Amino acid sequence: MRKMLPPVLLALALTVAAAAHAAGSAYKVHVAGLACPFCAYGIEKSLGAIDGVARVETHIEDGVVIVEMAEGATLDRAKAAQAVKDAGFTLDGFEAPAGSGQ
């Protein structure tokens, strides 16, 4: 059993690394006014409706929403700002991944 453990762990690590590499770019959207889980739900719903969004993760205490795009998809500041406004909040900042040209 012990001889099988290292190859199994290696296979698992490679699978996780491949999945992370296949994921698209992650953007940081700073949102003014995030205060509760209900706020998080609203902003996640609005940003998640943008074409190409794979995953949305809200950090209420930091006022930051991480928007992960599908492979090959990008997010621009204008789309993020509109989605934030549609959810009833104000865009307080937008950070594109390094090398994205935004």
Side-chain angles (χ1 to χ4, degrees):
M1 177 73 172
R2 285 187 170 227
K3 289 183 180 182
M4 283 189 59
L5 193 56
V8 170
L9 289 176
L10 178 60
L12 179 61
L14 290 173
T15 302
V16 170
H21 181 67
S25 301
Y27 296 78
K28 276 186 167 180
V29 179
H30 299 266
V31 180
L34 286 180
C36 67
F38 185 72
C39 297
Y41 172 77
I43 199 74
E44 287 174 2
K45 185 176 177 184
S46 186
L47 286 166
I50 296 172
D51 285 340
V53 171
R55 188 175 72 90
V56 180
E57 179 182 318
T58 303
H59 299 270
I60 297 169
E61 61 281 349
D62 299 326
V64 173
V65 183
I66 305 299
V67 180
E68 185 177 312
M69 302 303 288
E71 188 174 357
T74 60
L75 178 65
D76 63 40
R77 184 183 183 95
K79 282 184 187 177
Q82 187 61 53
V84 168
K85 181 179 177 183
D86 291 347
F89 297 95
T90 303
L91 183 69
D92 202 24
F94 180 82
E95 294 179 46
S100 68
Q102 292 186 15

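Note that the structure is a prediction, hence the values are computed from the model and not measured. If you read the sequence from its start, that first residue is 1, and numbering goes on from there. Only this structure's heavy atoms are used, side chains among them; waters, hydrogens and symmetry mates stay out.
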A.B. asks: Closest approach of L75 and V67, non-hydrogen atoms and distance?
C.D. replies: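 Heavy-atom minimum between the residues: CD2-CG1, 3.9 Å.
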A.B. asks: If you look at every heavy atom in F89 and C39, which pair is closest and at what distance?
C.D. replies: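 Taking F89 first and C39 second, the nearest heavy atoms are CZ-CB, 3.6 Å.
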A.B. asks: Which heavy atom in D92 sits nearest to a heavy atom in A32, and how many Å separate them?
C.D. replies: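 That closest heavy-atom pairing would be CB-N, 3.9 Å.
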A.B. asks: If you compare all heavy atoms of A87 against all heavy atoms of G42, which two are closest, and at what distance to 0.1 Å?
C.D. replies: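 In terms of heavy atoms, the two residues are closest at CB-O, 3.8 Å.
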A.B. asks: Please give me the minimum heavy-atom distance between E68 and G24, naming the atom from each residue.
C.D. replies: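 Looks like CG-O, 4.1 Å.
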A.B. asks: First locate atom OH of Y27, then atom CD1 of I50, and finally report the distance between them rounded to the nearest 0.5 Å.
C.D. replies: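 Output value for this atom pair is 11.0 Å.
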A.B. asks: How far apart are the closest heavy atoms of V29 and F94, and which atoms are they?
C.D. replies: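 Distance-wise, the nearest heavy atoms are CG2-CD1, 4.2 Å.
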A.B. asks: Roughly how far, to the nearest 0.5 Å, is CD1 of I60 from CZ of F38?
C.D. replies: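 The CZ atom of F38 sits 12.0 Å away from the CD1 atom of I60.
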A.B. asks: Who passes side chain to side chain contact (heavy atoms under 4.5 Å, CB included) against A81, sequence neighbours left out?
C.D. replies: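 A81 satisfies side chain to side chain contact (heavy atoms under 4.5 Å, CB included) with L91 once adjacent residues are dropped.
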A.B. asks: Quick test of your reading: applying side-chain hydrogen bond (donor to acceptor under 3.5 Å, both in side chains), list the pairs with at least one residue in residues 31-51, sequence neighbours left out, ordered by first then second residue.
C.D. replies: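 Found E44-T58.
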A.B. asks: For E57, check salt bridge (Lys or Arg N to Asp or Glu O under 4.0 Å) against everything at least two apart and list the hits.
C.D. replies: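 Once residues adjacent in sequence are excluded, the partners of E57 under the salt bridge (Lys or Arg N to Asp or Glu O under 4.0 Å) criterion are R55.
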A.B. asks: Please tell me if the side chains of V65 and V84 come closer than 4.5 Å, counting only heavy atoms from C-beta onward.
C.D. replies: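 A side-chain contact is absent here, since even the closest heavy-atom pair is not under 4.5 Å.
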A.B. asks: Could you work out, with side chain to side chain contact (heavy atoms under 4.5 Å, CB included) as the rule, every residue matching K28, not counting sequence neighbours?
C.D. replies: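 By the side chain to side chain contact (heavy atoms under 4.5 Å, CB included) rule, K28 matches H30, V64, I66, E95.
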A.B. asks: Which side-chain hydrogen bond (donor to acceptor under 3.5 Å, both in side chains) pairs, counting each pair once, include a residue from residues 80-91, with sequence neighbours left out?
C.D. replies: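 Listed by first then second residue: Q82-D86.
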